Each structure stands twice: as C-alpha cells, then as structure tokens.
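The structure under discussion appears below in the form of structure tokens.
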Amino acid sequence: MAKIVVSLADGRQAEFNSPVTTGEALKSLLNGKLKNIIAVKVNGEAVDLSHTLTRTAELDPITADSAAGQKMLRHSTAHIMAQAVQELYPETRLGIGPAIENGFYYDFDRPQSFSDTEMEKIEQRMAQIIKQDLPFRKSVISKAEAIQTFSEKSEAYKLELINELDDNRLNLYQQGDFIDLCRGPHIPSTGKVPAFKLLSVAGAYWRGNENNKMLQRIYGTAHSSAARLKQYLNQLAEAKKRDHRKLGQELDLFSFSPEAGAGLVIYHPKGAILRGIIEDFEKREHLKRGYQPVIGPLLLKLDLWKKSGHYDNYRENMYFTEIEGQQYGIKPMNCLAHMLVYKSRLRSYRDLPLRYFELGTVYRHEKSGVLHGLLRVRGFTQDDAHILCTPEQLNDEIIGIIDFVQQVMDTFGFSYTLEISTRPEKSIGSDEDWERATEALPHALEHRGLPYTINQGDGAFYGPKIDVKLKDAIGRWWQCATIQCDFTLPERFDLCYIGKDGQRHTPVMLHRVILGAMERFLGVLIEHYAGAFPVWLAPVQVRVMSITNEQDDYVLSLAEKLIEHDIRVETDTSPEKIGFKIKEARLQKIPYMLIVGAKEKAAGSVAVRKRGAGDLGGMEFDEFIQQIDHEINQKIH
RNA sequence: GCCCACGUAGCUCAGUCGGUGGAGCACUUCCUUGGUAAGGAAGAGGUCACCGGUUCAAAUCCGGUCGUGGGCUCCA
C-alpha cells in the first residue's frame, strides 16, 4: 500500500503506512496538541476528527472559534438538546435542528408545550450530557436501514426526509443512545461544548409550510467559551436598548393605540418633524434626478384594481369600501394613479423616460401576527416612483436607481445587502417578458460591480425585483429599497408611446422605492443611530438652559435667534439645578446644549455642551451658529 | 392567520395561598437660585386591557375579545 502523506498549509508533513483518522494525523502534525480543534477540512471538505484518511491529503484544522467551527459547535449542541428533550420527554418526535446565525434551533413535536421550568430542566440535562463527554459516532447506512431505524423510533418527520433523499448512503450520528439523521460533521464529543444557553421557544410550521403541523422550536446559542457567550448575551441586551419601539416612546416620537387599531402609527410632534426632514431631503434628491412629483387618490374604483391584476393577486391584502353603490379599493400600491397620469395624453419616445414620484400612503391588510413596531405596519407611506421608458432605456434607468440608492444610503451611513428575487408561483405576464426583465436586473448590478444573492421565486406578481435590505438592532434584515421590473401593467393599461418609426409601442415600467416605507425606514434609522440622531436629523437640535432663573430672558432671546437661523430649539427655564437639566437633555439625546449663566449673559456668549463630547467651554454665539450650520449642511453623522 | 408568553398609575415594575392595590420616576403645589448626569417637602393620580364565568369573595382561577412581545408563514 502506498504511503499516506498528510500536510498542513504551512508545509508541515507527516507520513503514515496505513489509514489514520484525521484526529491522529493532526496530533502527529501538531505535536499532540488539538485543544481547540474540533474538526478538519480534508482537501477543502469539512469532516470529523474520527474520519479515516486512506490517501494523501492536505489538512486544514477547524477551531471552535472560527466561523465554520462555531457553526459546527452549534449544530452539535442542537443534537445534544434533542437528546436531552427525548430523554426527559420520550413522547417527543424530532423535526430538524440546524445551526443558524449566532445559534441553533431544533423543532419538536410534542403534545404539550414546553414551559419555562421544562426549558430549565432541558438545559440542566444538556449540561449533564456535556459532562458525560459522549463521543459523536458517525455511521454510514443504506436508505433501507435508515427507514428501518427511524420506523422503529416512530420518527415520522425523519422518515419523510429520508424518503425524499436520492442518495442511498445516509449518515447517522449517535451520541449515547441518541441517534439522528445528519450530514455532519460534528465535534468529537459532547464535552467539547464550552458554553451554551437556551433562549426561547416558538411555534414553527413543519418544513415552513403553514398547511403543515406547527411544531415547537427551541432556540439556543453555543459559544467557544463562557466569556464569548456572556459577550453575546450582553450584545443582545445592548441591542434591546436601541430597539426603536423603546426609543420611540422614550424620545416621544410615535405611538400605537389599540383604540386606533393595530399597525397604524400615531406620529407625535418629534416623530413627525423627523419624518418631515427626511421627506424634504427625499423630494430635493428626486427633483435633482429628473423625477416629477405627482399625487394620486387614496381610493380608486374596484374595476381599476381588477384591470391591474391586483384584485386577483393581491385582494387578501386590500381594504375595500363602498360609496353610493360603487365599489372602491383603498390603494395598497401607488402605481395605478401614476399610470393614469401617463395615459392622460399621447406620449412620444422623446418624452421618455418619465419618472413619476409620490410620497404615497398605502394601506395593506397585514396578518396580525406579523405586525412589528414601525417595521411592519398596516398603513405606510412609500417614497414611490414609477419610471416609464423604452426597452432600450431600461438598463440605464436601473443603474440610475442603484446609484440613487447608494448615494442616499451613504448619506445615512447605512450598509446594506442586495438580493434579486425571481418569478413567484402566482404571477402574471409572459415567459418572454419575465426572462427579459430577469436578465436586466443582474446586468445592472454587475455593471456597477455590486455583489448580490438570488432569492428564487420571491418576486412581485408582476415582475422580478432587486431588494435592498438593512439590518435592525437585533440583527434582523428588513427590505427597504426595491426595484421592480414590470412589462405587464403597461400592457394591461394600454400604455403606449409613438416611436421614431411613427408606430405605437408599449413602454416598460419600473416600480421603485429608495427608502421603502417611511415608517420602516424610520424604525431602522432609529436603531441605526440608537436614537442619537445626527444634528441634521435631530428633532430638537439645541436645548438652551439657564443656570439660574436670572438668565431666563437671555435663554429666550437666544432661542429666538436660533429659530431665525432655522435651528430646532427647546428651552429649559425650570428652577432646577443645572446638573438636573443636563441629565434631562442627555436622556433626550439632544445634540447640543447651550448653558448660560450670569457670565454668558453679561458677555452675550454661550457655553456649549455637545452630545458625546461633553463640555466644549464658552463660545461666541455666532461661532456656535457657524459650527452647527456646517454640521447640518454637511449632514455629518 | 398559527404557536407560546404577557397586559397592574403617563413610564418602569412589585403585589405571597383568592380576602377591596404598592414603589421609583414623571405630574401639581410649596421651599430652594444652585456652573455641567438626579436639592427638599407635600399632594394628586387606578373600572388591575375589555367582556363573561366560577366563588361568600377575583388583579389573582376559567373562557372569550382586543392589544403587545418572541417566532412561523407572508411582505415595504
């Protein structure tokens, strides 16, 4: 038999005359030290440390704190949790249990739901299993054997998975008496889990299909050390502090009222100002880029929604009403009125592209369980536009929108991810049009060298789309900007333009939003800045406060001057000590405090305190105005 | 919509075994005029989300409705 040569990337080598496990091979390469290594890549493929090498290979150790290692650690911890659950509650049947970002889950089918005390018991049993240091043993079996094994255990969900697999060689992993169907690889033994915690229990449909049974999903997390776990839990606690729902109340930006209805935002003065600032910014940016403002009605006749396809494809999300026997639909999208603007006269190819912009308020019937602060509501306002252009102009228009998105996101300091969503099952339009549109989108992104992922079957019913997603405080992604191709609606509405050839042609339409919904964007924005808005966005930019009530008149005169400079200002002339006034202004995250006592009043100056920087000392009033104006104009964040 | 949990003063939260509800902050009044993260005192504030049931008696137990939270499904 030929010699087996194993090597590491740094060139270290070892030779063996007979097959060895990867674990043994690594031991001899690393002088017996494996402490943090839980698996290994063999010629690029991740395998267990118990994997047997039969030929020469390059090894790349996977440590517990690497990305791949953490994922494996979490996946193995999911198995340990399943073992604990079945030992404690043998009537429980298994769903699936993968690693996810920052943790893992396992889905269980059990007649009773898991209570808090049961969760604690599960956690304790897991700790015991980890202490026992049971090895994860892999075995490769045939499909028939797998069916036999899981039939004996009455694991119907596992059987369903097995039956759908084409491969006749399946992997089983066993630790103690617990056996699971699993591709692997796993950590060598249960004792290699340094720190874990169960976090929550939630319902989850089997295989993500709402027609299937709802299972109980237990979420948990595992880390390569107790310190890392603690750090992660701290991070979660910190994230909660910047939750926009909490900040929205603390900063008096908005509220919801059960009396008004779920998912309907009540903007308080400061929230309304913030939104207004963003809307003003948006209007200017759109005008700069050749968009024309238009305004459509909130209700349109039902027949129009039938014509557009919304009634057939989007009815369950719409609200309807009746006026003098005539049926109306409340708009869930803004496109219809924009098409009516286009249709109001005959268009020439010389008119195109036409870019209609509207801060359009829409209402959608979202299922009650999905409502979520400002991030998912029933009434919201989109920074919506519809671009009508010739097919030849399509690419440039998409590129223009992508650049627009990039510039706006840079202004707010956001990073984001791009996704292309393709044709869904429920859709209208010809195969040919879908193909054309689906090609145009990646083309534009590639033209700008932007990375993206594909989201199969997640497009709108009328066309494919590019989605821009932003992250909230807890790490959830929310779709904000979206660019959607549409060849269908212009046809349905008989839109046309006269081409160079004197003939009628159908224009192409792009639906697009930049911020998406003002509500959602505000929510993400609040979390992004943790409520400490840059000066240009802050609802209150300056609070002027007196040291003693002797200076109240001076405070009021300063406030007047600031208002003349278009600075948003509040005054504090309460008979409190200055420390108390500062505390209150800090809690409101106001960017600048102007503190004036007898000294400043006499000199006509101000003492400036800046959020994050502290006491800046005395300053001439004009100097302060210059400084804050600069910050506002440059939109410094 | 589905699963689980929760709903007590404007806010954050106590409230034991079923026996007519408390604290801190905020608010009002008074005192205090103090130079960079909480000065002091008094007062007011509640149909314990709502509706129904069990009970001599319900914030507490049960059912329903509304709302909220964590998820699933679905979307900006």
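Bear in mind the structure is a predicted one, so any value in this text is a computation, not a measurement. A, B, ... follow the sequence lines: proteins, then strands. Residue 1 opens every chain.
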Self-check item: Any A/Gln484 side-chain N or O less than 4.0 Å from OP1/OP2 of B/A76
Solution: yes
Quiz item: So what does A/Arg217 hit on the nucleic acid, given a heavy-atom distance under 4.0 Å: a base, only sugar-phosphate, or nothing?
Solution: sugar-phosphate
Quiz item: Within the structure shown, what part of the strands sits under 4.0 Å from A/Glu600 by heavy-atom distance: base, sugar-phosphate, or nothing?
Solution: base
Exercise. Please determine, for the side chain of A/Ile578, which listed nucleotide (B/A76, B/G35, B/A38) has the closest atom?
Key: B/G35
Quiz prompt | Face-to-face contact A/Phe380 to B/A76 six-ring, under 5.5 Å, under 30° | solution = yes
Practice problem: Check every strand shown and say whether A/Gly579 touches a base, only sugar-phosphate, or nothing at a heavy-atom separation below 4.0 Å. | Solution: sugar-phosphate
Exercise. Identify which nucleotide among B/A76, B/C75, B/G34 has an atom closest to any side-chain atom of A/Asn549, counting heavy atoms from C-beta outward.
Key: B/G34
Quiz item: Is the charged tip of A/Arg207 near the ring of A/Tyr205: under 6.0 Å from the six-membered ring centre and within 45° of its axis?
Solution: no
Self-check item: Side-chain N or O of A/His372 closer than 4.0 Å to phosphate OP1/OP2 of B/G70
Solution: yes
Quiz item: What is the nucleic acid contact for A/Glu576, judged by heavy atoms within less than 4.0 Å: base, sugar-phosphate only, or nothing?
Solution: base
Quiz prompt | B/G1 phosphate, OP1 or OP2, under 4.0 Å from A/Ser368 side-chain N/O | solution = yes
Quiz item: Out of B/C72, B/G35, B/A38, which has the shortest distance to the side chain of A/Lys583?
Solution: B/A38
Exercise. Using a heavy-atom cut-off of under 4.0 Å over every strand shown, decide if A/Ala481 touches base, sugar-phosphate, or nothing.
Key: nothing
Quiz prompt | Side chains of A/Met619 and A/Gln627 in contact at under 4.5 Å (non-hydrogen atoms) | solution = yes
Self-check item: Proximity to the side chain of A/Pro575 - top-ranked nucleotide from B/U33, B/G1, B/A76
Solution: B/U33
Quiz item: Among the nucleotides B/G35, B/A76, B/U33, which one has an atom lying closest to any side-chain atom of A/Thr548?
Solution: B/U33
Quiz item: Within 45° of the axis and under 6.0 Å from the centre of the six-membered ring of A/Phe108, does NZ or CZ of A/Arg93 qualify?
Solution: no
Quiz item: Looking across every strand, which nucleic acid part, if any, lies under 4.0 Å from A/Glu366 by heavy atom: base, sugar-phosphate, or nothing?
Solution: base
Practice problem: Choose from B/C75, B/C72, B/A37 the nucleotide whose nearest atom is closest to any side-chain atom of A/Tyr205. | Solution: B/C72
Quiz item: Would you call the rings of A/Phe621 and A/Phe624 parallel, tilted or perpendicular, where under 30° means parallel and over 60° means perpendicular?
Solution: tilted
Exercise. Rounded off to whole Å, could you give me the CZ-to-P distance for the A/Arg476 and B/C74 pair?
Key: 17 Å
Quiz item: For B/C11, does either OP1 or OP2 sit under 4.0 Å from a side-chain N or O belonging to A/Lys246?
Solution: no
Exercise. Looking at every strand, decide which applies to A/Gly208 at a 4.0 Å heavy-atom threshold: base, sugar-phosphate, or nothing.
Key: sugar-phosphate
Quiz item: When the nearest nucleotide of RNA chain B is assigned to A/Ile547 and to A/Arg245 on a heavy-atom basis, which residue is associated with the more 5' position?
Solution: A/Ile547
Exercise. Please evaluate the base of B/C75 for a donor-acceptor partner in the side chain of A/Arg378 within a cut-off of under 3.5 Å?
Key: no
Quiz item: What's the closest nucleotide to the A/Phe580 side chain, out of B/G1, B/A26, B/U33?
Solution: B/A26
Quiz item: If you check every side-chain atom of A/Gln479, which of B/C72, B/A76, B/G70 has the closest atom?
Solution: B/A76
Quiz item: Across the strands shown, which category fits A/Tyr219 at heavy-atom distances under 4.0 angstrom: base, sugar-phosphate, nothing?
Solution: sugar-phosphate
Quiz item: Considering only side-chain heavy atoms of A/Ala202, which listed nucleotide, B/G34, B/G71, B/A76, is closest?
Solution: B/G71
Practice problem: Would you mind classifying the nucleic acid contact of A/Arg110 as base, sugar-phosphate or nothing, using non-hydrogen atoms under 4.0 angstrom? | Solution: nothing
Quiz item: Would A/Phe521 and A/Phe414 count as a close aromatic pair, with their ring centres under 6.0 Å?
Solution: yes
Quiz prompt | Within 45° cone of A/Tyr105 ring axis and under 6.0 Å: A/Arg217 NZ or CZ | solution = yes
Quiz item: Nearest of B/U33, B/C75, B/C72 to any side-chain atom of A/Ala204?
Solution: B/C72
Practice problem: Report yes if a side-chain nitrogen or oxygen of A/Gln112 is closer than 4.0 Å to either non-bridging phosphate oxygen (OP1 or OP2) of B/C4; otherwise report no. | Solution: no
Exercise. Kindly say whether A/Gln407 contributes a backbone atom to a donor-acceptor pair with the side chain of A/Thr411 at under 3.5 angstrom?
Key: yes
Quiz item: If you look at every strand shown and take non-hydrogen atoms under 4.0 Å, does A/Ile595 touch a base, only sugar-phosphate, or nothing?
Solution: base
Exercise. Taking only the side-chain nitrogens and oxygens of A/Arg609, find out if one of them lies under 4.0 Å from OP1 or OP2 of B/A37.
Key: yes
